[in-house]
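Shown next, in structure tokens, is the structure this report addresses.
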Amino acid sequence: SGPNSKMDLKHWITVWGAALLVVSSQAQNACVLPSLIHLKPEYNCSFLNASSQQHELDMQRGESEAFIIAVEAADDLQGVGITIGSLPNAFTAAGSFVMGYIYTTTTTRYPGSGGGWRSDPLFPSSTSGVDVNKGDLQGFWVEYTTSSSATPGAYTALIHLEYTSQGKPVKTPMNVTINVYSPVVPLLADSSIGTAWSGSWTEQSYINQNLTYNKEAYFDLTMSHRMPPDSIYSARDFTDYVTLARQGMRDYSILNINSALAKASDSSAQPTVQVNCSKGSITDTMLAGAMKALDDIMSKLQAESALGPGYVYGWDEYPSDCENQIRYVYGAIKAKYPELTLLATLDWPVMPVDLPVDVWVLQYQEINLTSLKPWIAAGKKQWHYHCIEPSQDTYLNTFIERPFVEARLMLWLAAANQLDYGAPSGWLYYAVNLWRPYPGKHTEPMTTINNTAYTNFPAANYIWSPRTDIFANGDGYFMYPAPDGSPIRSARLAGLRDGLEDWELFQNLGGSAALRAVVQDATHYTLDVQTVNAARRSILKAMDAVHFN
């Protein structure tokens with residue numbers, strides 16, 4: 001079978017030439033795939049260009065990486081699962097996950113959408129396994145975590161594929177080589193990469209959606225994926241800051257200045273100053289109210305000596321005619337709290353260097369060296385972000401329809417740009433757990449259908465509710481709500497984590513040439529996983545040689 005849509009064609013290019021191990025047992029085929037591969041149930045190992053070459057996993061110390069075991073069902077299979085053999089001392093954890101299928105429908109909001117069932121959710125494997133229908137391809141995500149003190153070298157991972165076919169149990173051993181190199185991924189607390197992965201972390205936000213909430217499970221998941229649970233739009237419990245700071249979170253929003261200004265606008269005091277722009281007016285009364293809110297938070301932070309000052313967030317994609325408002329409000333904050341970092345997401349082509357903003361957050365494809373160079377020279381920072389935009393299929397993004405490799409390459413591009421231009425030095429994403437169902441309906445927890453990997457969770461996120469004519473598949477969330485209140489992670493979330501771990505590695509490169517051979521800019525890159533993995537392996541080997549020398 002071949003590609004049957006533009007997005008399938010993009011996927012075809014992605015997997016062409018992938019190095020795979022193929023095994024056959026009881027008329028069932030299974031292949032070992034890189035974790036950069038996106039699956040659909042109608043695919044098979046032949047379509048994915050399986051060869052006899054064994055796939056090898058390349059890892060830094062202190063990081064997590066995965067490969068995929070894809071099983072072709074020649075007949076109905078029951079209780080399919082992966083068991084993992086004993087771990088060598090180099091590894092601290094290993095696990096297998098069922099790659100769930102979620103149904104995507106076409107939206108007019110961006111090209112290449114829809115396409116039916118696509119892989120993304122990752123369910124922890126159960127002892128009973130999962131059933132696979134005849135003719136389906138079923139993926140299993142097998143993930144290993146290395147110790148930061150592991151001895152570099154080649155290790156063999158033993159796993160078993162188990163299932164029941166026509167009433168007969170089958171157990172097939174499979175070996176995969178894992179190469180551990182000397183570079184070490186720093187702890188989150190020691191990372192120099194800025195983070196602003198925002199979400200809704202209050203219990204009330206879950207109650208409003210009729211969902212139960214296990215805050216600790218969500219926090220553990222995001223922290224383990226190097227995406228500390230930030231909240232750039234809404235207030236949160238102060239105890240969250242204490243808990244997360246002790247776990248290594250360094251960047252966290254303590255106040256959305258525009259929300260604070262809006263709340264202060266209810267005051268009956270007569271304003272004497274009014275600063276206008278196309279987004280509305282700000283008065284001295286509003287500023288006084290917002291400063292009072294900030295004072296209250298800062299007093300708590302200063303009482304908790306273990307915490308840093310955090311940052312204030314605001315002006316989310318405001319137009320340039322609001323510059324005077326930013327100067328008025330952020331100038332007042334900087335005058336009173338010079339140690340406080342001020343972030344602003346501004347997609348302006350020209351940025352005045354004297355604007356009282358410490359971190360300029362810019363949509364990643366809009367990088368402009370004319371404005372960036374003087375900004376960096378002034379000792380300021382620029383972070384990048386993505387969201388529903390850039391939505392054209394020539395740009396890298398993280399929609400469910402996109403090949404998993406795109407998430408990783410987007411952060412490779414960030415690393416290359418930082419090496420060449422000094423920015424970005426961090427990444428922002430507006431919502432990691434935003435689920436907006438069709439207007440008038442409630443979000444339901446994700447469950448599977450009849451013990452298969454097919455799920456009943458709607459991929460469509462109606463971000464612009466109450467509008468019903470547009471939605472996005474996967475934009476605004478990288479995890480799914482489970483019935484027990486815990487999160488179900490996604491392959492896209494894992495891909496972003498892998499990209500962040502790679503970014504840590506690439507910061508030690510002397511130049512960007514090895515990265516630019518894979519991803520030149522926001523629209524010029526290769527999706528060939530063989531090329532991507534080969535480039536990463538070459539970098540690891542080069543860093544290995546430097547370490548031992």
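- For the 3.5 Å distance criterion, the side chains of Asp321 and Ser278 qualify, holding a donor opposite an acceptor.
- Classification of the Tyr110-Phe399 ring pair by plane angle, with boundaries at 30° and 60°, yields parallel.
- Taking a cutoff of 4.0 Å between a charged side-chain nitrogen and a carboxylate oxygen, Asp296 and Lys300 do not qualify as a salt bridge.
- A donor-acceptor pair is defined here as one N or O able to donate and one able to accept, closer than 3.5 Å; no such pair exists between the side chain of Lys380 and the backbone of Trp360.
- For the pair Arg226 and Glu63, the salt-bridge criterion is not met [side-chain N within less than 4.0 Å of a carboxylate O].
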Q: List the steps and the verdict of side-chain contact (heavy atoms from CB on, under 4.5 Å) for Ile367 and Tyr421.
A: CA-CA 10 Å; Ile367 187 169; Tyr421 315 127; 4.0 Å; yes

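- Cation-pi contact between Arg489 and Phe97: present, with separation from the ring centre below 6.0 Å and deviation from the ring axis of at most 45°.
- A search for salt bridge (charged side-chain N to carboxylate O under 4.0 Å, His left out) contacts involving Asp475 returns nothing, not counting sequence neighbours.
- Residues in residues 319-354 take part in these disulfide bond (SG atoms under 2.5 Å apart) pairs, two or more places apart or across chains: Cys277-Cys322.
- Classification of the Trp412-Phe506 ring pair by plane angle, with boundaries at 30° and 60°, yields perpendicular.
- If you look at Tyr430 and Tyr385, their ring centroids are not closer than 6.0 Å.
- Between the side chains of Asn456 and Thr447, at least one donor N or O sits under 3.5 Å from an acceptor N or O.
- Looking only at atom types and distance, the side chain of Ser486 has a donor-acceptor partner in the side chain of Asp484 under 3.5 Å away.
- Judged purely by distance below 3.5 Å, without hydrogens or angles, the side chains of Ser281 and Asn276 pair a donor atom with an acceptor atom.
- Taking the salt bridge (charged side-chain N to carboxylate O under 4.0 Å, His left out) definition, one finds that Glu323 meets it with Arg327, sequence neighbours left out.
- Counting only residues at least two apart or on different chains, no disulfide bond (SG atoms under 2.5 Å apart) pair has a member in residues 325-416.
- A donor-acceptor contact closer than 3.5 angstrom is absent between the side chains of Thr104 and Asn473.
- In summary, the aromatic rings of Tyr438 and Phe471 are positioned with their centroids too far apart to meet the 6.0 Å limit.
- For Tyr328, the ring-ring contact (aromatic ring centres under 6.0 Å, His included) test picks out no residue, with sequence neighbours left out.
- Residues meeting the ring-ring contact (aromatic ring centres under 6.0 Å, His included) test with Trp503, sequence neighbours left out: none.
- Between Tyr313 and Tyr233, the ring planes are perpendicular. Angles over 60° get that label, and only those under 30° would be called parallel.
- Relative to the six-membered ring of Tyr477, Arg492 meets both conditions, a distance below 6.0 Å and an angle of at most 45° to the axis.
- Ion pairing between Glu65 and Arg497 fails under the 4.0 Å rule for side-chain N and carboxylate O.
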